[in-house]
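What follows is a single structure, written as structure tokens, with notes after it.
The analysis underlying the following values was restricted to heavy atoms, covering all of them including side chains, and did not include hydrogens, waters or symmetry mates. Here is how names work: the chains are called A, B, and so on, in the same order as the sequence lines, proteins then strands, and each is numbered from 1.
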Amino acid sequence: MQIEINDDFDLAKIVASGQCFRAGLVNNGTYRFITGNNVLYIQETERGLFSVSCDCDEWHSVWIKYFDLDRNYRTIFEEEHGKHPFVDRTMDAGRGLRILRQDPWEILVSTIISQRKSIPVIQKSVEIIAEKYGTIKKTEYEELKLFPSAKDLLHVSEDDMRKCGVGYRAPYILDAISKVTSGEVDLGVIKELPDGELLQSLERIRGVGEKVANCVALFSYGRTACVPVDVWISRAINDDCCGISPFDLYGENAGIIQQYIFYYKLSRQR
DNA sequence: TATCAGGGCCTAG
DNA sequence: CTAGGCCCTGAT
């Protein structure tokens, strides 16, 4: 099916921006995204025109939300550009980035894993967990594994989890499995809470601190006022912003600005 | 072979 | 509030 998207939307930048760990380029120009039980193959055929593997119903019920296409990033870009010289540069470089609305459970586990790891290593651990414990999904192109639900992981021991390369984070993930399946932290219910309480609920899980909670809030619940501050963002604040955090300038869009800055720093590291 | 750092968090003091 | 430790892997 053909889709027209009349907004900032750059697949390569989105995939390289470190917010999703299983999405990627599968072959010349075709990107694959996975969320829940759905798999999408998408390719930009002409400027603003995309070929997608799903039907119209699935595009509207799943992927418009996933790609945050109800939000106009061009308008945000124009509104926020011009407030801060360094941030402006990162926005110019990252134009086309969007904040995906990904599955909260997958993002929770992935970001617990992410602490003190490099992105390729995170991707590897997430992939091993999917490979070992995910259910099989057949598409018209390939057979792959979905990311396992919390319930799928209930029987997994700490030792099993360590064999996925997660190291000392294994007990953290077990605690997440336990609290999410028991409903002590209900990922569906907390969706309705205001930002502060949402973060607090997530931080009841061991191994979930301020940064991980903000990642889940931003990358799966679409809380664009939330700003995960990691080593790259704090370096940007120290090295490029004279030690003064720029995020107060951007209010409800601060999380989106964070993604421009993160992408900019990451793509310039080597 | 040795050392370091990687989208942090927990515990002690 | 700050300092250290942490499991493991890839890079140098």
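The closest donor-acceptor contact from the side chain of A/Thr90 to the backbone of A/Val87 lies under 3.5 Å.
Taking the centre and axis of the six-membered ring of A/Phe77, the NZ or CZ atom of A/Arg95 falls inside the cone set by 45° and 6.0 Å.
Among B/dG7, B/dG6, B/dG8, the nucleotide with an atom closest to any side-chain atom of A/Gln259 is B/dG7.
A salt bridge is defined here as a Lys NZ or Arg NE, NH1 or NH2 lying under 4.0 Å from an Asp or Glu carboxylate O, and A/Glu78 with A/Arg74 fails to meet this definition. Salt-bridge annotation for A/Lys83 and A/Asp88: absent, with no side-chain N of the basic residue lying under 4.0 Å from a carboxylate O of the acidic one. One finds a salt bridge joining A/Arg32 and A/Glu142 here, because a Lys/Arg side-chain nitrogen approaches an Asp/Glu carboxylate oxygen to under 4.0 Å. By the 4.0 Å N-to-carboxylate-O rule, A/Arg98 lies too far from A/Asp68 to be salt-bridged with it. Salt-bridge annotation for A/Asp186 and A/Lys191: absent, with no side-chain N of the basic residue lying under 4.0 Å from a carboxylate O of the acidic one. Salt-bridge formation is not detected for the pair A/Lys137/A/Glu143: no Lys NZ or Arg NE/NH1/NH2 atom is positioned less than 4.0 Å from an Asp or Glu carboxylate oxygen.
With sequence neighbours left out, the side chain to side chain contact (heavy atoms under 4.5 Å, CB included) criterion links A/Arg89 to A/Phe86, A/Tyr264.
Residue A/Val229 is classed as having no contact, given no heavy-atom separation below 4.0 Å to the nucleic acid. Using a 4.0 Å heavy-atom criterion, one finds that A/Ser110 contacts no nucleic acid atom at all. The residue A/Phe219 sits close to a base: some heavy atom pair falls under 4.0 Å. The residue A/Glu210 sits close only to the backbone: its heavy atoms come under 4.0 Å of sugar-phosphate atoms, none of a base.
Judged by distance alone, the side chains of A/His155 and A/Asp160 never bring a donor and an acceptor atom under 3.5 Å apart. A/Ser178 and A/Asp175 are not linked by any side-chain donor-acceptor pair at a separation below 3.5 angstrom, with hydrogens and angles left out of the test.
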Check nucleotides 3-5 of chain C for protein N or O atoms closer than 3.5 Å to its own N or O atoms and list the pairs.
none

Please list, pair by pair, any protein nitrogen or oxygen found under 3.5 Å from a nitrogen or oxygen in nucleotides 11-13 of chain B.
unit_1	atom_1	unit_2	atom_2	d
B/dT11	OP1	A/Arg206	NH1	3.2

Taking only nitrogen or oxygen atoms into account, show me every contact under 3.5 Å that the protein makes with nucleotides 8-12 of chain C, one pair per line with its distance.
unit_1	atom_1	unit_2	atom_2	d
C/dG10	OP1	A/Lys124	NZ	2.6

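Of the inter-residue distances, the one linking A/Gln115 atom CD with A/Tyr168 atom OH reads 4.5 Å to the nearest 0.5 angstrom.
We find that CZ of A/Arg235 is positioned 9 Å from P of B/dA5, with the value rounded to whole Å.
Each of A/Glu203 and A/Gln258 lies near DNA chain B, and the nucleotide nearest A/Gln258 is the one positioned closer to the 5' end. The nearest heavy atom of DNA chain B to A/Gly207 and to A/Cys215 marks one nucleotide each, and the one closer to the 5' end goes with A/Cys215.
Remark: nothing in residues 243-250 of chain A comes within less than 4.0 Å of DNA chain B through any heavy atom.
Comparing B/dT3 with C/dG5, their P atoms are spaced 15 Å from each other, to the whole Å.
No more than 12 heavy atoms of other residues, nucleotides or ligands lie within 6.0 Å of NZ in A/Lys124, so this atom counts as exposed by the packing criterion.
Between A/Phe50 and A/Phe9, the ring centre distance stays below 6.0 Å. Between A/Tyr41 and A/Phe33, a ring centre-to-centre spacing not shorter than 6.0 Å is recorded.
Between A/Trp232 and B/dG7, no base-stacking contact is recorded for ring centres under 5.5 Å apart and planes less than 30° from parallel.
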Fill in: Secondary structure string for DNA chain B (Watson-Crick or G-U under 3.5 angstrom, | for other-strand pairs)
.|||||.||||||
Discussion item. What verdict does the side-chain hydrogen bond (donor to acceptor under 3.5 Å, both in side chains) test give for A/Gln43 and A/Ser51, after you've listed the backbone C-alpha separation in whole Å, the side-chain angles of each residue and the deciding distance to 0.1 Å?
Written reply: CA-CA 5 Å; A/Gln43 178 173 26; A/Ser51 159; 5.3 Å; no
